[in-house]
Novice: 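Pasting a structure here, questions to come.
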Amino acid sequence: MKSLEILALQNNNLSGPIPITLGGLTLLKILYLYSNQLSGPIPRELGNLKNLTNLGLSDNHLSGSIPITLGNLTELKMLYFYSNQLSGPIPSELGNLKNLTDMELSHNKLIGSIPITLGDLTELNFLYLHSNHLSGLIPREFGNLKNLNELELDENQLTGPIPAEIGKMKSLVELRLNKNNLSGPIPMTLGYITELKILYLYSNQLSGFIPSQLGNLKNLTELDLSDNQLSGSIAITLGDLTELNFLYLHSNQLSGLIPRELGNLKNLNDLELQENQLSGPIPASFGNLRNLQFLYLHTNKLSGSIPKELAFLDNLVELIINENQLSGHLPEHVCQGGKLENFTVNNNKLTGPIPSSLSKCSSFKRLRFNNNSFTGNLSEAFGIHPHLHFIDLSDNDFYGELSSNWGKCENLIDLRVARNNISGSIPPEIGNVKGLLGLDLSSNHLIGQIPKEFGKLTSLVNLFLQTNQISGNIPEELGSLTKLESLDLSDNRLNGSIPMCIVDFVHLFQLNLSNNKFGQKIPKEIGRITQLNVLDLSYNLLVGDIPPQLDNLKVLVNLNLSHNGLSGRIPRELDTLTGLQDVILSYNELEGPIPNNKAFINASLEGNKGLCGNVAGLHPCEMSSSVVKRHSRRRDVNSSSSLYFLLWEH
């Protein structure tokens, strides 16, 4: 065995520790134990294998520190320890491995600084230290690694500046320093690494301008400087990087105009400039980016109209330009490539009708037009979109009626058309969209009844129909909507009694039936909706007592029963609702003492002539002398509120 030169036991499901006896195989040149279940420390005895050229222990469960004795393996060319649980610092003795071409220590728990001695490994082609807990500075000695092709230090806790000396690494093809705490400017010397194809500096604390010298990196295919504190304008020289596939500059503090030169990046697949302070128009030159699939410009200060040239982007899948100051009409034929899935233009100043071409776009999955000033007949603006998941048309000036075609958008999950000028009745066909989770048609001019077909929407979580002119009863069929969390039917013309079906909404968080014409009693069974946080039944025609069963609503915060014809006393059981913050019971016919609960002491109670208590605006509760005498000897009577209730119970 001592004459063995190759020991390759990878992918054998081996477990347990690495035997220290392997250190006796002194003629061994290749030791591969990777992709097993080995655990425990790396034996220091492996430092005796002076002839070793390849050492592969990656993808195991090895723990402990890297032995300093491995610095004796001066013939070593490849060192693979990635994907283990190794801890402690990287030994500076590894700087003795002058023949090393590959060092891969990534995906461990290594700590401490990167040894400056690694800068002596001038034969290195690949250095992977990413996904550890390394801290401190990037050694400027790395500038000596003239043969290095790939340097990956990402996902650590490195601090300080990026050394200018990295610009001397002329063979570098990939540089990944992302997800650290690096600060200071991007060195202009990076522009000297002309072989570079991938440059990742994102998720650091880098500041200053984007160096114009980056425009020299003509071989660059991926550039990500996002999520930093970069300022100033986007360097126009980035328009010279014609091999770029993606350019990410988002989540910085960049300002000024978007350079029209970016329209030269004919190979660009993904352009993300969102979450900056960019101003001015979207360049018409973007129409040249025929390979572009993703264009994110949202959350800036862009103005002007959306260029009609964007219609030339036949491969566009996502166009996200919301939260700017864009104006004018939407361009025609923006979906002529038939691939557009996500079109998001909300929170701008856009006007005019939705282009008729959009009604024929069958690829749509997500649409946001909300918070603009769009006009036009909504019943003509959209067709049947079989892949559509989400659409928000709220806060515009659409008119017309809701189309029955919405019921044929079978994959729709969320439909929002709130705060427009929509009229007519609600199409019962919407009830066919079985996967619908959210429906918001509030603040329009809808009439007619709530379709009983809504009972088929058994996945529905949020139903908002408030502030319309809907009439009739709440259909009993809605009782099947057992997943509802929010139901708001307020400000309509609904009548009849509050249906028993609502007690099946056991997950309901918010129930608002205010400003309708509901009559009869409040169903005591509402007390079974134990998750209720908000209950608003105000401005109706409700009569009878307040059900004491409301004391089961332990998480209730807001209770509004005002402007009804409720009578009798406020149930003393409501004392137990300690989470109540806002109580409005005004303008009813309630009488007797108020509950001994802070929320009731601060409640709005005006317009109830029979209520009493030691709070502002109410008369004290009077007691007969016989009642006071009967209970004065009871030591457990401590609160005036309790005495009030004793009085009213006699």
Side-chain angles (χ1 to χ4, degrees), residues 473-474 489-490 494-505 508 511-530 532-613 615 617-623 627 639-650:
N473 298 341
I474 297 176
L489 306 179
S490 60
L494 297 167
N495 55 33
S497 60
I498 297 174
M500 289 294 297
C501 69
I502 69 168
V503 305
D504 295 320
F505 303 157
L508 205 61
L511 175 60
N512 192 342
L513 304 180
S514 62
N515 283 281
N516 280 288
K517 297 179 180 179
F518 291 114
Q520 301 185 38
K521 294 184 176 182
I522 299 173
K524 62 183 180 181
E525 290 81 3
I526 284 182
R528 286 160 46 184
I529 313 175
T530 56
L532 265 185
N533 195 262
V534 176
L535 175 60
D536 192 344
L537 306 179
S538 61
Y539 289 92
N540 278 289
L541 305 173
L542 299 169
V543 296
D545 295 341
I546 297 173
Q549 289 83 359
L550 295 188
D551 73 333
N552 294 322
L553 307 181
K554 302 300 184 188
V555 297
L556 196 65
V557 175
N558 298 312
L559 174 64
N560 191 346
L561 306 178
S562 65
H563 294 272
N564 279 288
L566 300 172
S567 58
R569 68 180 181 85
I570 302 171
R572 65 178 304 179
E573 290 86 351
L574 302 190
D575 275 359
T576 61
L577 299 183
T578 56
L580 271 179
Q581 296 179 9
D582 189 15
V583 175
I584 305 176
L585 302 179
S586 50
Y587 298 101
N588 281 287
E589 298 173 19
L590 299 170
E591 59 184 8
I594 63 172
N596 186 27
N597 179 304
K598 182 178 180 181
F600 283 94
I601 293 172
N602 298 319
S604 297
L605 302 171
E606 66 272 15
N608 290 282
K609 295 182 179 179
L611 288 176
C612 63
V615 297
L618 295 184
H619 297 293
C621 294
E622 297 180 1
M623 289 188 192
V627 171
S639 72
S640 58
S641 181
S642 297
L643 283 171
Y644 298 154
F645 277 109
L646 288 170
L647 171 64
W648 282 87
E649 287 170 353
H650 285 74

Novice: Please list, one pair per line, the donor and acceptor atoms closer than 3.5 Å that link side chains of residues 538-548 to other protein atoms, with sequence neighbours excluded.
Specialist:
residue : atom : partner : partner atom : Å
Ser538  : OG   : Asp536  : OD1          : 2.7
Tyr539  : OH   : His563  : NE2          : 3.1
Asn540  : OD1  : Asn516  : N            : 3.3
Asn540  : OD1  : Lys517  : N            : 3.3
Asn540  : OD1  : Phe518  : N            : 3.0
Asn540  : ND2  : Leu513  : O            : 3.1
Asn540  : ND2  : Leu537  : O            : 3.0
Asn540  : ND2  : Ser538  : O            : 3.1

Novice: Would you indicate whether the side-chain heavy atoms of Leu532 and Val555 approach each other to under 4.5 Å?
Specialist: no
Novice: Within the 4.5 Å heavy-atom criterion, are Glu591 and Ser567 side-chain neighbours or not?
Specialist: no
Novice: Please report the interatomic distance CG(Leu556) to CG(Leu577), rounded to the nearest 0.5 Å.
Specialist: 6.5 Å
Novice: Hey, are the side chains of Leu489 and Asn512 touching, using non-hydrogen atoms and a 4.5 Å cut-off?
Specialist: no
Novice: With rounding to the nearest 0.5 angstrom, report the CD1 to CG distance, Ile594 to Leu574.
Specialist: 11.5 Å
Novice: Would a 4.5 Å heavy-atom cut-off, applied to side chains only, mark Gln549 and Glu525 as touching?
Specialist: no
Novice: Mind checking the OG-CG spacing from Ser562 to Asn608? Nearest 0.5 Å is all I need.
Specialist: 9.5 Å
Novice: Find the distance between CZ (Arg528) and CG (Leu553) and round it off to the nearest 0.5 Å.
Specialist: 12.0 Å
Novice: Given side chain to side chain contact (heavy atoms under 4.5 Å, CB included), test Ile601 with Asn597 step by step and report yes or no.
Specialist: CA-CA 6 Å; Ile601 293 172; Asn597 179 304; over 6 Å; no
Novice: Can you tell me if Lys554 has over 12 outside heavy atoms packed within less than 6.0 Å of its NZ?
Specialist: yes
Novice: For the atom pair CG (Asn533) and CG (Leu559), what is the distance rounded to the nearest 0.5 Å?
Specialist: 11.5 Å
Novice: Report the C-alpha separation of Leu535 and Asn558 in whole Å, then their side-chain angles, then the decisive distance to 0.1 Å, and conclude whether the side chain to side chain contact (heavy atoms under 4.5 Å, CB included) test is met.
Specialist: CA-CA 6 Å; Leu535 175 60; Asn558 298 312; over 6 Å; no
Novice: Quick one: NZ on Lys524 to CG on Asn552, what's the gap to the nearest 0.5 Å?
Specialist: 12.0 Å
Novice: Side chains of residues 581-588: which donor-acceptor pairs under 3.5 Å do they make with residues two or more places apart or in other chains?
Specialist:
residue : atom : partner : partner atom : Å
Asn588  : OD1  : Asn564  : N            : 3.2
Asn588  : OD1  : Gly565  : N            : 3.4
Asn588  : OD1  : Leu566  : N            : 3.0
Asn588  : ND2  : Leu561  : O            : 3.0
Asn588  : ND2  : Leu585  : O            : 3.0
Asn588  : ND2  : Ser586  : O            : 3.3

Novice: Taking C-beta and beyond as the side chain, do Asp575 and Phe600 meet within less than 4.5 Å on heavy atoms?
Specialist: no
